Protein chains: 2
Amino acid sequence: MSLQHAILGFLSWKPLTGYELKKMFADSVTVYWSGNNNQIYRTLLDIHKKGFVTKEVQHQDDAPSRKIYTITEAGLEELRSWVLSPPEVPQLKHTFLIQLSWADQLSDDELDHLISSYEDEVHVHLLMLRKQAEVKTMSPERTQRERYLWDMIMQNWIVMYETELQWVRQLRHGLGDTTPERKHNDGH
Amino acid sequence: MSLQHAILGFLSWKPLTGYELKKMFADSVTVYWSGNNNQIYRTLLDIHKKGFVTKEVQHQDDAPSRKIYTITEAGLEELRSWVLSPPEVPQLKHTFLIQLSWADQLSDDELDHLISSYEDEVHVHLLMLRKQAEVKTMSPERTQRERYLWDMIMQNWIVMYETELQWVRQLRHGLGDTTPERKHNDGH
DNA sequence: GTTGCCATGTAAGGTGTTACATGATTTA
DNA sequence: TAAATCATGTAACACCTTACATGGCAAC
């Protein structure tokens, strides 16, 4: 699991409440995590029990009390050793490709429509990423090296979806080319 | 969930047992699904209950009996309508990028080592994919269009990891460039 | 004689999602 | 007057992974 470590990462910048963490995940494109509370609150309890954070309760009369979590030395150590742990290749859950695997049962028009709507999805997603990249939301940017890392991380997401868009366009055009041939060869 | 539909997809080619399905998932790079039995056997029970498959038990004296699953009309219909359902952009779980997000605490050497070992991982993975692409394992390839689709699906995986490899190389070289500058700017 | 293949499955636990619940304050 | 924001959390369920269990047969 690395939600734990992403939370420790944010807390290494400054102390935060669960609610604030939830927002940071929701706002961040690169440190993506569905931004759902259940997991965040449970993970906070967990890392508190492990001693990676301390909890300070701030009572408020007219609202539920804020619980501010601060990272400890042990937490910083845990974060550091996780960052150094052997990196793994990204795992992509590419359901569209599985849909495509059995798409030969569709008519030419149905298939073209399916691919086109996927192309639109990817395109919209890419535009959203590019807009986010301009805004340059958070990240402390304390050193030039850190700024460079965060830029490259954002860049990674963008080039991935650019590549996907190129691929799907090639797919669609290639299909347009093979379809008449197919009719020639398979027709009779 | 789409494991259900991937199973229906394989069964649309021919009747199979759970064990055979497990192997097909394990062998397939493109229709990736961890190939773990628990899920497959439970999903088979599930789709049988839903009427998407029929089950034929073949008794064997000296081994556990084979249970051969055959797709039904309802199953084919379900598969078809799933294939037509609105496609979604791929979701990537890119833990390395989250590691990188907090990697500025590392020394130049540690960071360089982290990135290099990631580069190696990606490279090895890419070579594996290219080798698989040559073998061209399964897929029925009944029409030219289907062959084209399967080729493009394999191609998608390859270009994704090629893009990743290019990106990580650029990252490493860019770091080499900024590091001396950084020392100049931040040093004093 | 140990490993691997065939073939079924269970147990236990981790991870992730959606929806629900409260209740005051601010904004449209 | 309806909604969104702040701030906490619970309940129920879906999905996914690892390891365990059985037991004959073939290959090395």
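Order of the sequence lines sets the chain letters (A, B, ...), proteins ahead of strands, with each chain counted from 1. Below, each value reflects all heavy atoms present in this structure, side chains not excepted, and no hydrogens, waters or symmetry copies. The shown structure was predicted, so the numbers you read here are calculated from the model rather than taken from an experiment.
Electrostatic pairing of B:E110 and A:R80 counts as a salt bridge here, judged by a charged N lying under 4.0 Å from a carboxylate O. Salt-bridge check for A:R172 with A:E119: passed, with a basic side-chain N closer than 4.0 Å to an acidic carboxylate O.
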When you compare the protein's N or O atoms with those of nucleotides 26-28 of chain C, which come within less than 3.5 Å of each other, and at what distance?
none

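Using a 4.0 Å cut-off, no side-chain N or O of A:Y19 falls inside it from OP1 or OP2 of D:dT8. Close to C:dT8, at under 4.0 Å from its OP1 or OP2, lies a side-chain N or O of B:Y41. Residue A:K22 has no polar side-chain atom (N or O) positioned under 4.0 Å from OP1 or OP2 of D:dG9. The side chain of B:K23 places an N or O atom within less than 4.0 Å of a non-bridging phosphate oxygen (OP1 or OP2) of C:dC6.
Taking OG of B:S2 as the reference point, atom CD of A:Q99 lies at 8.0 Å (rounded to 0.5 Å).
With a 4.5 Å cut-off on side-chain heavy atoms, A:I68 and A:K55 do not count as touching.
One donor-acceptor pair, N or O on each side, does fall under 3.5 Å between the base of D:dG9 and the side chain of A:N37.
Nearest-nucleotide positions on DNA chain C for A:N36 and B:T17 put B:T17 closer to the 5' end. When each of B:N38 and B:S65 is assigned the nucleotide of DNA chain C with its nearest heavy atom, B:S65 is the one assigned upstream, toward the 5' end. Comparing B:R42 and A:R66 by the nucleotide of DNA chain D that holds the closest heavy atom to each, the one mapping nearer the 5' end is A:R66.
To the nearest angstrom, C1' of D:dC6 lies 15 Å from CG of A:L16. We find that CH2 of A:W33 is positioned 14 Å from C1' of C:dT17, with the value rounded to whole Å. Whole-Å rounding puts the B:H5 NE2 to D:dA14 C1' distance at 15 Å. One can place CD of A:E20 at 13 Å from P of D:dG9, the figure rounded to the nearest angstrom. Remark: P of C:dC6 and CE of B:M24 are 14 Å apart, rounded to the nearest angstrom. Going from atom CG of A:L3 over to atom P of D:dC16 covers 18 Å, rounded to whole Å. Atom CD of B:Q39 is separated from atom C1' of D:dT18 by 12 Å (rounded to the nearest Å). Nucleotide C:dG16 holds its C1' atom 13 Å from the CZ atom of A:F25, rounded to whole Å.
Inspection of the B:Y118 and B:E164 side chains reveals an N or O donor paired with an N or O acceptor under 3.5 Å.
Annotation: B:F10 is in aromatic contact with B:F25 [ring centroid separation under 6.0 Å].
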> Between A:Q166 and A:Y161, is a side-chain hydrogen bond (donor to acceptor under 3.5 Å, both in side chains) present by the stated rule, with each step listed?
Replying inline: CA-CA 9 Å; A:Q166 275 170 38; A:Y161 283 96; over 6 Å; no
